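Beneath this line is the structure, given in structure tokens, with notes to follow.
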Amino acid sequence: MRILAANWKMHHGVEDTVRFFEAFRRHYRPLPGIATWVAPPFISIPKALEVRPQGVRIGAQNVHEEEKGAFTGEVSLPMLVELGVEFVIVGHSERRRLFCETDERIRKKLQRTLPVLPTILCVGETLEERRAGQAKAVVLSQVDAALEGIPQEHLSHLVIAYEPVWAIGTGVPATPEDARTMHRAIREHLLSRFGVEIPVLYGGSVKPQNAGDFARVPEVAGALIGGASLEAESFWAIHEVFHHAGV
Ligand code: PGA
């Protein structure tokens with residue numbers, strides 16, 4: 001099963017969410033081997049759960065690691081579960097960079113979410129790190145730091161998204177070869193460390209025009225899509241591309 005996950009970031013309030021799903025319904029049909037996941041902003045989640053076509057999973061872009069308390073502006077996992085949220089994204093590079101999320105906090109979030117909900121853990125190197133030949137080391141150390149102490153039985157909920165920071169929102173995706181190499185490295189690392197196969201999505205400037213390059217790589221278990229997921233047409237077009245690649 002490949003996953004096509006939309007990360008809307010800070011786009012699409014309630015009205016735009018309704019508009020998106022009205023348009024998406026005109027295209028959507030369940031495709032064999034493809035799962036559709038959408039992560040709207042928190043406030044649009046209830047409406048998304050109401051208007052999504054059956055079969056589309058709705059998730060959150062972030063979650064706080066504590067259950068409750070004096071954490072102004074934050075949202076906890078029990079609150080999301082109460083709403084009916086079906087997956088969460090943890091450790092997106094924008095959270096790491098703009099909101100100072102450390103590996104340690106990301107690990108605490110995963111400790112909270114993995115026993116309960118499918119969780120997309122985002123990892124990825126910066127351009128400087130890639131130029132310095134550190135890409136693989138950085139990514140594997142992010143994976144290790146995030147998963148330290150997590151019992152193996154909770155890993156069935158884990159999905160990793162490899163998102164090179166320099167490819168996010170820039171229009172310059174990784175090459176399919178770079179993605180293949182990194183996805184293989186992550187999968188082999190997790191297999192040897194935990195003995196389990198973990199799906200690895202690619203994220204960073206995935207568009208209908210380049211989705212085929214990734215869809216044809218068997219190590220790519222799907223995509224995490226920002227900009228191109230905001231319009232129903234382009235998000236659906238990426239589905240068609242993956243469907244026709246049929247890997
Ligand atoms: P992008 O974002 O598709 O707009 O590059 C991807 C992401 O940040 O998940």
Side-chain angles (χ1 to χ4, degrees), residues 2-12 16-17 20 24 34-42 44-45 48 56-63 85-101 106 109-110 113 118-127 129-130 135 138-139 142-143 146 158-176 178-179 182-183 186 198-215 217 220-242:
R2 291 173 122 184
I3 299 167
L4 296 176
N7 173 14
W8 284 355
K9 311 191 180 183
M10 201 169 69
H11 297 280
H12 291 355
D16 286 342
T17 296
F20 173 91
F24 195 65
I34 296 183
T36 306
W37 295 12
V38 177
F42 287 133
S44 301
I45 288 174
V56 173
R57 272 198 204 185
I58 302 298
Q61 300 169 17
N62 182 31
V63 61
V85 158
E86 295 155 318
F87 74 96
V88 288
I89 300 173
V90 166
H92 189 278
S93 71
E94 286 151 18
R95 301 282 333 156
R96 292 178 192 256
R97 194 164 41 88
L98 303 172
F99 302 97
C100 306
E101 279 196 14
I106 291 163
K109 290 179 187 216
L110 287 178
T113 64
T119 303
I120 301 179
L121 165 67
C122 301
V123 294
E125 81 286 356
T126 63
L127 195 54
E129 289 162 342
R130 174 157 285 269
V138 166
V139 165
Q142 288 173 343
V143 168
L158 178 66
V159 176
I160 289 188
Y162 168 55
E163 299 205 302
V165 176
W166 46 270
I168 296 176
T170 59
V172 183
T175 65
D178 284 344
M182 190 64 85
H183 285 223
I186 297 169
I198 304 290
V200 183
L201 315 184
Y202 169 75
S205 295
V206 175
K207 312 276 177 225
Q209 300 81 336
N210 61 29
D213 298 342
F214 297 102
V217 178
V220 172
L224 182 56
I225 305 145
S229 73
L230 293 175
E231 295 295 330
E233 287 68 27
S234 55
F235 188 42
W236 183 254
I238 293 170
H239 284 67
E240 294 280 6
V241 170
F242 269 77

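What you see is a predicted model; the values in this text were computed from it and never measured. Numbering of ligands and ligand atoms starts at 1, following listing order.
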Checklist entry - So which heavy atom on Val38 is nearest to which on Pro40, and how close? => result O-CD, 3.3 Å
Checklist outcome for this item: For Phe87, the ring-ring contact (aromatic ring centres under 6.0 Å, His included) test, sequence neighbours excluded, returns Trp37
Next on the checklist: Do Thr36 and Phe235 make a side-chain contact, defined as non-hydrogen atoms from C-beta onward lying under 4.5 Å apart?
Outcome noted: yes
Item to check | Side-chain H-bond candidate by donor/acceptor type, Trp236 with Glu231, under 3.5 Å | outcome: no
Checklist entry - Taking the inter-plane angle between the rings of Phe20 and Phe24 on a 0 to 90° scale, is it parallel (under 30°), tilted (30 to 60°) or perpendicular (over 60°)? => result parallel
Item to check | Near ligand 1, at a heavy-atom separation below 4.0 Å: residues by chain and residue number | outcome: Asn7, Lys9, His92, Glu163, Ala167, Ile168, Gly169, Gly204, Ser205, Leu224, Ile225, Gly226, Gly227
Checklist entry - Any idea which heavy atoms bring Ala228 and Pro208 closest together, and the distance? => result CB-CD, 4.3 Å
